[in-house]
There are 2 protein chains.
Amino acid sequence: MLSFSEENYLKAIYHIEQLQTEGASTNTVAKKMQTKASSVTDMLQKLADKRLVVYKKYQGALLSAKGKKIAASVIRKHRLWETFLVNKLNFSWDEVHDIAEQLEHIKSEKLIDSLDAFLEFPRVDPHGDPIPDKDGNMTKQKKVMLSTLKENQQSKLVTIKDSSDNFLRYLDKKQIAIGNTIKVIAIEPFDKSIQVQIEGREFMITEEVAENLLVEIPSLTLPKVKRTN
Amino acid sequence: MLSFSEENYLKAIYHIEQLQTEGASTNTVAKKMQTKASSVTDMLQKLADKRLVVYKKYQGALLSAKGKKIAASVIRKHRLWETFLVNKLNFSWDEVHDIAEQLEHIKSEKLIDSLDAFLEFPRVDPHGDPIPDKDGNMTKQKKVMLSTLKENQQSKLVTIKDSSDNFLRYLDKKQIAIGNTIKVIAIEPFDKSIQVQIEGREFMITEEVAENLLVEIPSLTLPKVKRTN
DNA sequence: TAAAAAATTTAGTCTTGTCTAAAAATATTT
DNA sequence: AAATATTTTTAGACAAGACTAAATTTTTTA
Ligand SMILES: [Mn+2]
Ligand SMILES: [Mn+2]
Ligand SMILES: [Mn+2]
Ligand SMILES: [Mn+2]
């Protein structure tokens, strides 16, 4: 039975591995865990003893298969609980993360599978992040920053990069939600701000916002040319 | 913010105080917490420092008002989560206790009040135990052991004393549930076994079972005599 | 490639919560 | 009221998980 702390470290390493190819460095983990590098070293050694990570002195750590599975199950629990809070208890999406940080450590396979069924097997959490299945598999969604689209391209908002309360509340205020269809009307060359049309409403967003909105890769808008078959 | 351990000790003391009038002795707490007397002494001193119990060396501990409120809130959480598991996730009543032991330590007032509303403000948990309200008040139900009833008396099952898995499963097997009407048909003088009628079905239970079934205090069955008034 | 900077590990300390063994206080018997 | 038994506290140790400061290794810069 792993401690809360061990589970949190595994989760942090998992998230770091998603971004980079190499192993998670001591300092990166320390930053993510808001702790000191020396504490991280202690923990990496312990997780290595338990064969949950492969760790080489001064070289950082990589999750083992076993470690990856545990990390995915913690993430599964986190996201299912967030979904429960929003869908069943009417929490808003900026209120659920801290509570899910606690709930993700409750140990009971039956509980989490029942919860999954109760929620009717959601594929993504309230922030658009995919929920791993029982075996830890997660469909890695292909997505790009809205800021990479060209004028007239449109796509669907699948998730967001920044999940801070401030950003979540900004989106609520602008009535931007996961699943919305977003069309790029015009891009201002001077400051890269974007005129967008979201679910019919047209308005302006800054480049910073556009970089934190991740949308489906838009299907190529083929030039209307007659095919000669 | 209290630790899980501190909360568990407060809850244990609360339960002990319900049974006795005096303070909880070190040994009683040790038994309930399945720990050593010396560990209990350490914790009682700590809880006394935090003004959560009134503790006198060699005399045991009593909850302070503050301590009592915290204990009641932990019990409230425990029982609401048990209710959630049974009513919403279709757990059986013998499966929920261990999971509730974990869930009762989740810190979020909004969460527990939302859960309360989601469950439509239940008054009792799946085992018939009363759920304290937000302020820690709990309606102390008046109840007696079924074994104290006389022949022909009847009452309603409100809760059970023993909550072991074995007993809960015995009740399931016999289809005995909280809220059932139980009538004492006959008491066998030799072994005090009781012929009962429960929701129409008539069968025999042992004295031990009858001592663990707590029923409403039955209204006096007045002798049928004409009033001269 | 040697020096400087940055990252990482080690050594030692602290807190929380647990334990065992021994000492002290209280309760029960003779 | 002693003597004995039981309960409770104290003393000292340990493991987990964190920290600071110092030492070591790796990376970057000159
Ligand atoms: Mn989250
Ligand atoms: Mn999320
Ligand atoms: Mn319970
Ligand atoms: Mn219960």
Side-chain angles (χ1 to χ4, degrees), chain A residues 1-13 16-17 19-63 67 70-71 74 101-102 104-105 107, chain B residues 1-14 16-17 19-63 67 70-71 74 101-102 104-107:
Chain A
M1 190 106 315
L2 298 186
S3 69
F4 284 23
S5 196
E6 290 168 319
E7 289 189 342
N8 283 332
Y9 272 98
L10 291 176
K11 190 173 52 134
I13 297 166
I16 292 166
E17 282 186 9
L19 305 175
Q20 314 163 5
T21 336
E22 331 117 57
S25 74
T26 305
N27 246 3
T28 319
V29 175
K31 209 150 289 161
K32 184 141 248 167
M33 294 290 293
Q34 309 218 79
T35 186
K36 301 290 158 157
S38 53
S39 304
V40 174
T41 301
D42 288 347
M43 184 56 88
L44 292 184
Q45 284 166 348
K46 188 167 126 186
L47 294 175
D49 288 347
K50 296 191 176 188
R51 311 288 145 159
L52 298 172
V53 303
V54 178
Y55 167 66
K56 274 250 197 83
K57 262 193 189 180
Y58 294 100
Q59 301 308 134
L62 271 170
L63 290 176
I70 293 171
V74 175
E101 283 294 311
Q102 301 179 59
E104 72 189 6
H105 301 295
K107 268 95 174 172
Chain B
M1 190 106 313
L2 298 186
S3 68
F4 284 22
S5 195
E6 290 169 318
E7 290 188 343
N8 283 332
Y9 272 99
L10 290 176
K11 191 174 53 136
I13 297 166
Y14 186 102
I16 292 166
E17 282 186 8
L19 305 175
Q20 315 163 7
T21 336
E22 331 117 56
S25 75
T26 305
N27 246 2
T28 319
V29 175
K31 209 150 289 162
K32 182 142 248 166
M33 293 290 294
Q34 309 218 78
T35 184
K36 300 290 158 159
S38 53
S39 303
V40 174
T41 300
D42 288 347
M43 184 56 89
L44 293 183
Q45 284 166 348
K46 188 166 122 185
L47 294 176
D49 287 348
K50 297 192 176 186
R51 310 287 145 164
L52 297 172
V53 303
V54 178
Y55 167 66
K56 275 249 197 81
K57 261 191 190 180
Y58 294 100
Q59 301 309 131
L62 270 170
L63 290 175
I70 294 171
V74 175
E101 282 295 311
Q102 302 179 59
E104 71 188 6
H105 302 294
I106 302 293
K107 268 94 174 173

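Quick note on labels: first sequence line is chain A, next is B, and so on, each numbered from 1. Values below: all heavy atoms of this structure, side chains included; hydrogens, waters and symmetry mates excluded. Fair warning: this is a prediction, and the values are worked out from it, not measured in the lab.
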Could you state the atom-to-atom distance from [atom1] of [X] to [atom2] of [N] in whole Å?
X	N	atom1	atom2	value
B:Leu44	C:dT18	CG	C1'	15 Å
B:Lys56	C:dA25	NZ	C1'	15 Å
B:Tyr9	C:dT16	OH	C1'	12 Å
A:Asp42	D:dA15	CG	C1'	13 Å
A:Met43	D:dC19	CE	P	11 Å
A:Gln45	D:dA16	CD	C1'	14 Å

Does [X] make a side-chain N or O approach to OP1 or OP2 of [N] shorter than 4.0 Å?
X	N	answer
B:Thr35	C:dT18	no
B:Thr41	D:dT9	yes
A:Lys36	D:dA18	no

Of A:Ser38 and A:Phe4, the one whose closest DNA chain D nucleotide lies more 5': A:Phe4
Whether A:His105 and A:Phe4 hold their rings parallel, tilted or perpendicular, with breakpoints at 30° and 60°: parallel
Check nucleotides 24-29 of chain D for protein N or O atoms closer than 3.5 Å to its own N or O atoms and list the pairs.
from, atom 1, to, atom 2, distance (Å)
D:dT25, O4', A:Tyr58, OH, 3.2

A:Ile70 and A:Leu2, any side-chain heavy atoms less than 4.5 Å apart: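 Yes. Closest side-chain heavy atoms under 4.5 Å.
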DNA chain D contacts made by residues 23-34 of chain B, counting heavy atoms under 4.0 Å: B:Ser25, B:Thr26, B:Asn27
Set of side-chain contact (heavy atoms from CB on, under 4.5 Å) partners for B:Gln59, sequence neighbours left out: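 In terms of side-chain contact (heavy atoms from CB on, under 4.5 Å), with neighbours along the sequence ignored, B:Gln59 is linked to B:Lys56.
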Set of residues satisfying ring pair (Phe, Tyr, Trp, His ring centres under 6.0 Å) with respect to A:Tyr58, sequence neighbours excluded: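 Checked A:Tyr58 against ring pair (Phe, Tyr, Trp, His ring centres under 6.0 Å); zero matches.
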Straight-line distance of B:Leu47 CG to B:Ile13 CD1, nearest 0.5 Å: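 Separation between the atoms: 6.0 Å.
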From CG (B:Leu52) to CG (B:Leu44), nearest 0.5 Å: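 So the CG of B:Leu52 and the CG of B:Leu44 are separated by 11.5 Å.
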Salt bridge (Lys or Arg N to Asp or Glu O under 4.0 Å) contacts touching residues 28-39 of chain A (sequence neighbours left out):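 Listed by first then second residue: nothing to list.
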Qualifying salt bridge (Lys or Arg N to Asp or Glu O under 4.0 Å) pairs, either residue in residues 1-14 of chain B, two or more places apart: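 Of all non-adjacent pairs touching residues 1-14 of chain B, those that pass salt bridge (Lys or Arg N to Asp or Glu O under 4.0 Å) are B:Glu6-B:Lys46, B:Glu6-B:Lys50, B:Glu7-B:Lys107, B:Lys11-B:Glu101, B:Lys11-B:Glu104.
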Sequence-distant partners of B:Thr28, side chain to side chain donor-acceptor pair (under 3.5 Å), two or more places apart: B:Ser25
Closest listed nucleotide, where the reference is the side chain of B:Ser39 and the choices are C:dC19, D:dA18, C:dT8: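 Nearest to the side chain of B:Ser39 among the choices is C:dC19.
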